[in-house]
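Take a look at the structure set out below.
Residue numbers count from 1 along this sequence.
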Amino acid sequence: MYLVGGQRRESIKLAISGTYGTGKSTTTETLSIATGIARTHALTSRELLIDLVPGKTVMELNSIELLLLGLRRFEERVHNESRDDSFISDGSVVHEWVYGTARMAVGINPGAGMLLRTVKSVAGIGRKKPLLEYTDIIGDIVKERAARLYDAYVHLPVEFEMRKDGHRPVSEPFRKLSDDTLLQVVKDIGLPYEVVGGSVYERVTRIIELFDLETVMPVEEAIEEAQRRVTQATAVLEEDDRFKAAQRQKSTWRKLSYAMRY
């Protein structure tokens, strides 16, 4: 029996919230390994793009392509979380929507260079309003689903600067805004929630205590296995020829052509 909001339950559907670079994947993988509860997630943007928009990185996408990416990730979450038994979700169904609203506020390609962001901003004049209206509709849908689907949330706050690996398509202002928005959405949904920080060990240990989760492996061993899996998954992706093609340096003209399509 699990402990959720002061009550005992036979199953638990726990969403782990947090923006880019807060350690969601390692934390959820570790928690899943340590407790034996299944982990659910959507494929990463980099994994999806090699088929959705071949040859482009997230920083080069236009607004329609970003909507496509967000909807595909939402579709994956809906499919993977359509189960009756317990699970630990790496992120939640509101994540892609929150990222979309943050992009509308700070620029749809926050991790790109100044030239691309400036041109994209000009290209978006007169085109943002219908996108904002559409984004609001999606927000109502995902928040309603989250309220029905999950039993509780754990939010991982931004505690350190994001590692600059050349892949994450965000900036620190984007991370701050999306972190604040995620936490506010979690509060608004009305489910039990906890904000848990610290090292992976401290986070996982605290979550186990909060929800009275049984363990099938010591947390230290689970961390080692989780880090191995996360590293292996990244290595497999980076060896994919389609991924390598998208990372190749584009000409200035190609970059401008991408930027001019909002």
Side-chain angles (χ1 to χ4, degrees), residues 1-42 77-78 80-99 142-160 162 175-230:
M1 298 285 282
Y2 304 103
L3 183 63
V4 180
Q7 297 180 337
R8 291 288 175 180
R9 300 193 182 188
E10 293 185 358
S11 65
I12 185 170
K13 296 179 178 179
L14 181 62
I16 308 297
S17 171
T19 188
Y20 282 88
T22 54
K24 285 194 308 300
S25 294
T26 303
T27 299
T28 54
E29 191 77 74
T30 301
L31 189 60
S32 173
I33 295 168
T35 63
I37 299 173
R39 170 180 175 262
T40 65
H41 67 289
R77 291 192 189 279
V78 169
N80 294 336
E81 295 175 356
S82 297
R83 52 193 300 161
D84 296 326
D85 57 339
S86 299
F87 64 76
I88 297 164
S89 178
D90 180 349
S92 76
V93 292
V94 304
H95 267 67
E96 280 63 55
W97 170 72
V98 167
Y99 291 158
V142 299
K143 284 184 282 187
E144 191 275 335
R145 180 171 179 81
R148 287 189 291 108
L149 178 62
Y150 305 119
D151 296 317
Y153 266 89
V154 170
H155 183 73
L156 308 181
V158 173
E159 298 180 282
F160 41 81
M162 186 173 57
R175 289 180 80 213
K176 178 66 169 62
L177 178 58
S178 57
D179 179 65
D180 292 343
T181 305
L182 276 168
L183 185 54
Q184 187 59 54
V185 168
V186 169
K187 293 177 180 179
D188 292 344
I189 288 172
L191 294 173
Y193 76 92
E194 298 283 347
V195 178
V196 177
S199 66
V200 175
Y201 178 84
E202 291 168 334
R203 290 175 177 180
V204 172
T205 301
R206 180 58 178 155
I207 295 169
I208 289 171
E209 292 174 351
L210 285 168
F211 298 98
D212 198 17
L213 308 179
E214 294 185 1
T215 58
V216 297
M217 178 185 291
V219 174
E220 295 92 338
E221 294 180 24
I223 291 173
E224 291 181 7
E225 176 60 18
Q227 291 174 336
R228 186 193 67 79
R229 292 183 187 182
V230 171

CD (E159) with more than 12 external heavy atoms under 6.0 Å: yes

Under the side chain to side chain contact (heavy atoms under 4.5 Å, CB included) criterion, do I208 and L31 qualify, and how do the steps go? CA-CA 8 Å; I208 289 171; L31 189 60; 3.9 Å; yes

Smallest separation among heavy atoms of A42 and R77, with atom names: CB-CG, 3.9 Å

Report the C-alpha separation of R203 and R206 in whole Å, then their side-chain angles, then the decisive distance to 0.1 Å, and conclude whether the side chain to side chain contact (heavy atoms under 4.5 Å, CB included) test is met. CA-CA 5 Å; R203 290 175 177 180; R206 180 58 178 155; 5.9 Å; no

From L210 atom CG to Y2 atom OH, the distance as rounded to the nearest 0.5 Å: 15.0 Å

Cut-off 3.5 Å, side chains only: do R39 and T28 have a donor facing an acceptor? yes

Looking at every heavy atom in both R83 and A38, which two are closest together, and how far apart are they? NH2-CB, 3.6 Å

For D85 and S11, test the side chains for any donor-to-acceptor distance below 3.5 angstrom and give the result as yes or no. no

With a 3.5 Å distance limit and no angle check, can you tell me whether R145 reaches the backbone of V94 through a side-chain donor-acceptor pair? no

Between I16 and L156, is there a side-chain heavy-atom distance shorter than 4.5 Å? yes

Any side-chain heavy-atom pair of M1 and R9 under 4.5 Å: no

How long is the span from the CD1 atom in I12 to the CZ atom in F211, to the nearest 0.5 Å? 5.5 Å

Least distance between heavy atoms, L191 atom then A147 atom: CD2-O, 3.9 Å

Taking every non-hydrogen atom, the tightest pair across S17 and H155: OG-ND1, 3.0 Å

Supply the atom-to-atom distance K176 NZ to T181 OG1, rounded to the nearest 0.5 angstrom. 9.0 Å

Regarding Q184 and D188, is there a side-chain donor-to-acceptor distance under 3.5 Å anywhere? yes

Less than 4.5 Å apart, side chain to side chain, heavy atoms only: is that true for I189 and Y150? no

Atom pair OG/CG of S92 and L149 - distance to nearest 0.5 Å: 9.0 Å

Give a yes or no answer on whether the side chain of D151 reaches the backbone of K13 with a donor-acceptor pair at less than 3.5 Å. yes

State which residues pass ring pair (Phe, Tyr, Trp, His ring centres under 6.0 Å) with F87; sequence neighbours excluded, sorted by chain then number. none

Closest approach of P157 and D179, non-hydrogen atoms and distance? CA-OD1, 3.9 Å

Using the rule given for side chain to side chain contact (heavy atoms under 4.5 Å, CB included), can you reason through T30 versus Y201, listing the C-alpha separation, both sets of side-chain angles and the distance that settles it, and then say yes or no? CA-CA 9 Å; T30 301; Y201 178 84; over 6 Å; no

Give a yes or no answer on whether the side chain of T22 reaches the backbone of T19 with a donor-acceptor pair at less than 3.5 Å. yes

Between R148 and E144, does a salt bridge (Lys or Arg N to Asp or Glu O under 4.0 Å) hold up when you go through it step by step? CA-CA 7 Å; R148 287 189 291 108; E144 191 275 335; 2.6 Å; yes

In this structure, CD1 of I37 is separated from OG1 of T215 (nearest 0.5 Å) by 10.5 Å

CA sep, side-chain torsions, deciding dist, call: I33, R229, side chain to side chain contact (heavy atoms under 4.5 Å, CB included): CA-CA 11 Å; I33 295 168; R229 292 183 187 182; 3.6 Å; yes

Give a yes or no answer on whether the side chain of N80 reaches the backbone of H41 with a donor-acceptor pair at less than 3.5 Å. yes

Look only at the side chain of K24 and the backbone of S89, and say whether a donor-acceptor pair between them is shorter than 3.5 Å. no

Close side-chain approach of R8 and L3, heavy atoms under 4.5 Å: yes

Look up atom OH in Y20 and atom NE2 in H95, then write down how far apart they are to the nearest 0.5 Å. 10.0 Å

Tell me, do V185 and K143 make a side-chain contact under 4.5 Å, heavy atoms counted? yes

Side chains of T35 and I88 in contact at under 4.5 Å (non-hydrogen atoms): yes

Report yes if the side chains of V154 and T27 come closer than 4.5 Å at any heavy-atom pair, otherwise no. no

Set of residues satisfying salt bridge (Lys or Arg N to Asp or Glu O under 4.0 Å) with respect to E194, sequence neighbours excluded: none

Which heavy-atom pair separates V98 from S178 by the least distance, and what is that distance? CG1-O, 3.7 Å

